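Quick caveat, the model's predicted, so the values are computed rather than measured. Chain identifiers are assigned alphabetically (A, B, ...) following the order of the sequence lines, protein sequences preceding nucleic acid strands; residue numbering begins at 1 within each chain.
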Amino acid sequence: MHKRLETELPDKFDWQNLLTSLRDSFILTTRRKPKQLVEFLDTFDWRFFKASLCLTRIGNKYTLSDIYTEKIISEFIWRRKKEYRSACDLASDNLRKRFSQIQGPRAAIKIAELNCSGSNVQILNEDRKTVALLAEETISLPQDDSGNELPLKTILRLTPVKGYNAEFKKVRCTLEQLGLDRLAPAEPLILTALNAIKIVPCKYSSKIRTPLKPEQTILEAAVMLSTDMVKVMCSNEQGIIEDIDIEFLHDYRVTIRRTRALLTQLKGVFAPAESDEFKQRFSALGRMTNHMRDYDVLLSYRERYQKMLPPVLSHGLKPFFQSIVKQRRKEFIKISNYLDSDEYHTLMADWSKFLKETTLEQKNSHSDDNVVAFVSKRIMKRFKRIVRIAGKIDEYTPYADVHAVRIECKKLRYMLEFFAPLYEKNLSAPIARLKKLQTLLGDFNDLCVQSDALSGKVKRLTPKGARAMHTAAALGGLIALLSRDREEIRYKFKTAISDFISEENQLYFTNIFAGRMESGT
Amino acid sequence: MKIVAVYNIKGGVGKTTIAANLGYHAATRNFSTLLLDLDPQGSISYYFRVKPHKKFNSERFIKGTRIQKFIRGSDYNNLDVLPSDLTYRHLEILLAAKKRSRRQLRRILMPVKNEYDLIILDCPPNITLVAENIFKAADLILIPVIPTTLSMLGFQSLKKFFEDNDLNIKRLKPFFSMVEKRKKLHCDIVRKHTENKSDTFCNTHIPYNSAVEKMGLNREPVHCFAPKTSGARAFQKLWDEVESIL
């Protein structure tokens, strides 16, 4: 079947003349399309766009469609006052499932908007069956600050109908005879909107993808990485302050940890006194966000917890979550105020200034080392340490020792991800093995943290009244279930660890990193 | 992809009207839908103003290769039609000549199975080899039953045929069609089945409605020209019920 075609109409195009020409062969029915504002939504990290999907809003109607085929996948009418953001707010199970798969915990936010108006023409054959569709559409950007609407273009769009190729060709021929010979496959409307406001899709990623070069010094590489991490932190600040979704804080915290990991891993690269000072200041910043993240995680488990418990116990969770919402609100105010404070702005300004000036200032013991040689040494050291301590983990190992392995794995993962572009050999295989182990350790840690949080709450409960009793019973039930899940994970440690510290993986690490520890080549 | 057949041994029970309207409602709910007209009368094709391709006939249909070429878009988003042709009266003979003659329809539909979420079959009446192909291919067989003695007997015969031939009877989903509230017999039969629940009839009944009859004049689904009528609402409700079953 032919594809939908479009062309930009010249300024003084005679639309009526075109319709008259088409009427020689077809019956036409024309319908005027009133001006409507089309809003395009996506998550901050472009999850819809990355899945080739487009979420639009016209009035209170939201439409999910394929960007390129324009096939509508889902539609819903949103009747609440507050605009649609999160998949968990959708009433229909099917919709909730579909949107959760796409946007996860992220909120859908407006990324662009366009005004569209024009007319649609149905081209009918002698049976009054539609054989092609013609549309004339004027697209403009809505009013800017000065109140002016910015016209972008007027396009003519020709859409085929399956099984009517001859008729489509005939219409196309008529258009070409009238000078419209530049018909090309139609550009998706979302791309028109993004191009108009000069937004490059998928620009944000919480992953650090700094283009490092093997001939750089470790100091140059560290400054580039840290500067990119400052950008990620800054781009998440507004989302935290506006409380758009929980992933802004999560990405922000991960970036703080990465910054700290870099400072810790690269000893002797930055000036030691300043390095220690920034480590402490970022550590304090990370600590400040701990509670809010814990509350976010607990609240994200609300539905899961309710399903875990029998109905007789689950209603006891309501007051617990109500108190979590209140506590989160307090933490949120604290953090958003801090992110707007002079103290925070000074920290970020000091750090940026330090990064800018550090290459010019006095050199430290390892500043001039080649990045590949330095990093290879650190990665091997970290890997050997994990092999040593993880080998001792079994189903009886205390939580603190498991936690220590988890932290070591995190540090290694950051190093591998930061510096992967420097190695010719693809590091995805060792990263994947590490990721598998980290997932398991992470799940174990999450369950420990959740159990601790719930136990803490139980201890603080005043044993008075039926409400407190119900909450205590529900939390008790949850703690028991979470402990059982945690112990089940322990039995999976052995396989994941032996896979990671296997001789094959050790040989892999040695081949990639050990040979490059001296010269870097 | 799911295949839903609208079938009855008896003719004149509203099969084509129901198939056309269900197809329309499925398409508006974003189900990519193909309406397959298996009746040589070609009423579905008439309703949607779609004529079959000049080179299309029952032999090409049975051959099954490149049937996509003969599918036509309707005037509605997500809804395509494969029109029938008068030569479909020979389908029986063509099917009988094939090996595994009861499983040909499923094979024919294979090439389009990834293109559509739903295929609705508008079936000709009678228990023939075409019907047996439909029974093998369909995931759900909707049986419009007029609440009259003969129509109920027809449904009982179909059930017996399924039992005798070891076909899955759970795929049969009867519902009352062309129900006239002013007729005592209709009301009695509907009430008896609602109370009895021996056969799992759909909760939705399609009423005898003048708007439904006007489909032949307007040549479009009832919802498009008389959306507020009881007929239009019943078709919408029936689709909701079918969707929940699927």
Which bit of E70(A) is near chain B, if near means a heavy-atom gap under 4.5 Å: side chain, backbone, both or neither? neither
Between T154(A) and E136(A), the two heavy atoms sitting closest are CG2-OE2, 3.7 Å
Are the side chain of D139(B) and the backbone of I3(B) linked by a donor-acceptor contact shorter than 3.5 Å? yes
Those residues of residues 16-50 of chain B, ordered by number, that approach chain A below 4.5 Å (heavy atom to heavy atom): T28(B), N30(B), S32(B), F48(B), R49(B), V50(B)
Contact part of L133(A) toward chain B, heavy-atom cut-off under 4.5 Å: side chain, backbone, both or neither? neither
Taking NZ, NE, NH1 and NH2 as the nitrogens, is one of them in E83(A) or K110(A) under 4.0 Å from a carboxylate oxygen of the other? no
Between K162(A) and D80(B), which heavy-atom pair has the shortest distance, and what is it? NZ-OD2, 2.7 Å
D75(B), part contacting chain A, at a heavy-atom distance under 4.5 Å: both
Would one find more than 12 heavy atoms of other residues, nucleotides or ligands at under 6.0 Å from atom NZ of K71(A)? yes
Specify whether F176(B) and F201(B) have parallel, tilted or perpendicular ring planes, treating 30° as the upper limit for parallel and 60° as the lower limit for perpendicular. parallel
Show the numbers, then the answer: is there a side-chain contact (heavy atoms from CB on, under 4.5 Å) between E241(B) and N203(B)? CA-CA 8 Å; E241(B) 213 173 331; N203(B) 296 324; 3.7 Å; yes
